[in-house]
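Structure record follows, encoded as structure tokens.
Side-chain atoms are counted along with the backbone in the values below, which use heavy atoms only and exclude waters and symmetry mates. Position 1 is the first residue of the sequence, and the numbers go up from there. Just so you know, these numbers come straight off a predicted model, no measurement behind them. Atoms within a ligand are numbered from 1 in the order they appear, just like the ligands themselves.
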Amino acid sequence: MEFIDLKAQYAALKQSIDARVHRVLDHGQYIMGPEVAELEERLAAYTGAKHCITAASGTEALLIAMMALGIRPGDEVVTTPFTFAATAEMIVLLGAKPVFADVEEDTANIDAAKIEAAITPRTRAIMPVSLYGQPADMGEINALAAKRGIAVIEDAAQSFGATYKGGKSCNLSTIGCTSFFPSKPLGCYGDGGALFTSDDALAKAMREIRVHGQSGRYQHTRIGVGGRMDTIQCAVVLAKLERFEWEIRQRIAIASHYDALLAPHVQTMRLKPDRTSVYAQYTVRIAGRARVQEQLKTLGIPTAVHYPLSLHHQPAYAAGRAGESYPAAERLAREVISLPMHADLDEAVQQRIVAALRDSLV
Ligand SMILES: *Cc1c(COP(=O)(O)O)cnc(C)c1O
């Protein structure tokens, strides 16, 4: 059994993926070929954002976003401690400081009510993460940011395709950043990512930063990075868009089925009524997770933990944070467990997972 079955997805899309990739091999424009612009147009239209700029990865997208906003040493960015490390990592890489605000225990997203207390005169941006595929409280967060004239970067690495009050994730704030890492809801066959904004000046800056700060060939008007997404990877995403809406519907149906079968036995995550999730992960909470994981493993059922440590407890981020405590993030880190989730997960397999999980609880 696969945790995320990329082989089944490839089998379903083989013709289009192969044709798209071969077209790139034939035209030979491996860097910034026509598929790059084609994908950017498609994704901008999909999200409703005015601009889409593809990038080498989701991590690189976060870096480019903050460079475009001029985030510098001494600045602070308010974010969640319960996320993949890349979120905070790029803040630190720029010499700025991630200031954590605890999460909501029932959604695992940053608690908007805790952000205000984390804001100081040095705060330059708020970076919520739309974790497991569900958008954070973007309305409340945008309002807090607007009051102080600071930016909001949505780390939408797990939520491309999700909606919030009718708007699409990635187009809910100043800048949205996503990832096309193979196991994300919309993935390529290597590394890839994208930035979204409707701000023309920021879009121009991000495009330049992506290619070594060039405003024209060999015109380096600012410091940038080598942050492009390969043409072949753009071709793969273009092919995968063909059944993306179907995949989202499948993921939602599979998650509701999990919810219905599991809610009486374990604590499931709460989906807020004004939004949809793309279920990058289907995650529940179980006290005594290790034993359950071990038992499922012996039955050939793969599980994962997203994430076993709150970032303020990770060695690379713990320095100077001895007094910090984020009880909800700490509790989730002890209890969360993610179950197999992908669009091709069939009903019989799902029943087997649920039965095994229930048996492991007694
Ligand atoms: C995957 C992920 C990233 C990084 O994306 P890459 O494409 O792997 O660099 C950043 N933030 C979150 C929340 C992620 O899940």
Side-chain angles (χ1 to χ4, degrees), residues 3-4 6 39 43 52-67 77-94 98 100-101 103-104 107-110 125-136 138 141 152-162 169-170 172-173 175-196 206 210 225-230 232-234 236-237 240 251 269 277-283 304-311 314 316-317 329 332-333 336 338 341-342:
F3 185 68
I4 295 172
L6 294 175
L39 180 63
L43 298 180
C52 168
I53 297 117
T54 53
S57 68
T59 304
E60 203 77 12
L62 293 170
L63 179 67
I64 293 170
M66 287 188 284
M67 288 175 76
V77 177
V78 177
T79 189
T80 163
F82 193 64
T83 176
F84 180 59
T87 313
E89 188 177 33
M90 292 304 104
I91 300 169
V92 175
L93 197 64
L94 287 172
F100 296 125
V103 293
E104 302 170 321
T107 66
N109 273 334
I110 194 166
I126 306 173
M127 192 186 292
V129 177
S130 294
L131 203 74
Y132 302 149
Q134 173 176 199
M138 299 306 291
I141 293 167
V152 176
I153 304 168
E154 183 196 10
D155 180 344
Q158 303 184 6
S159 61
F160 190 83
S169 178
C170 288
L172 301 172
S173 59
I175 301 172
C177 295
T178 197
S179 162
F180 304 122
F181 186 82
S183 60
K184 308 283 182 180
L186 181 61
C188 57
Y189 288 157
D191 279 306
L195 298 125
F196 296 83
M206 296 189 304
R210 177 178 65 176
V225 293
R228 293 163 303 221
M229 181 168 165
D230 297 343
I232 286 184
Q233 300 303 345
C234 292
V236 171
V237 176
K240 286 205 189 180
R251 286 173 170 279
M269 288 289 164
S277 174
V278 288
Y279 298 97
Q281 308 298 343
Y282 182 83
T283 305
V305 173
H306 305 99
Y307 295 93
L309 270 187
S310 175
L311 288 185
Q314 285 284 3
Y317 300 90
L332 286 168
V336 289
S338 304
M341 164 56 81
H342 53 89

Put together the list of close N/O pairs, under 3.5 Å, between ligand 1 and the protein, could you?
residue  : atom   : partner : partner atom : Å
ligand 1 : 5 (O)  : S179    : OG           : 3.4
ligand 1 : 7 (O)  : G58     : N            : 2.7
ligand 1 : 7 (O)  : S179    : OG           : 2.6
ligand 1 : 9 (O)  : G58     : N            : 3.4
ligand 1 : 9 (O)  : T59     : N            : 2.9
ligand 1 : 9 (O)  : T59     : OG1          : 2.5
ligand 1 : 11 (N) : D155    : OD1          : 3.3
ligand 1 : 11 (N) : D155    : OD2          : 2.8
ligand 1 : 15 (O) : Q158    : NE2          : 2.8
ligand 1 : 15 (O) : K184    : NZ           : 2.6

#### Entry: Residue pair A136 / V129: nearest heavy atoms and the distance that separates them
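Here A136 and V129 meet closest at CB-O, 3.9 Å.
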If we ignore hydrogens and angles and just use 3.5 Å, is the side chain of [X] paired with the main-chain N or O of [Y] as donor and acceptor?
X    : Y    : value
Q233 : Y189 : yes
K240 : G187 : yes
T178 : A156 : yes
E154 : C170 : yes
Q158 : Y132 : yes

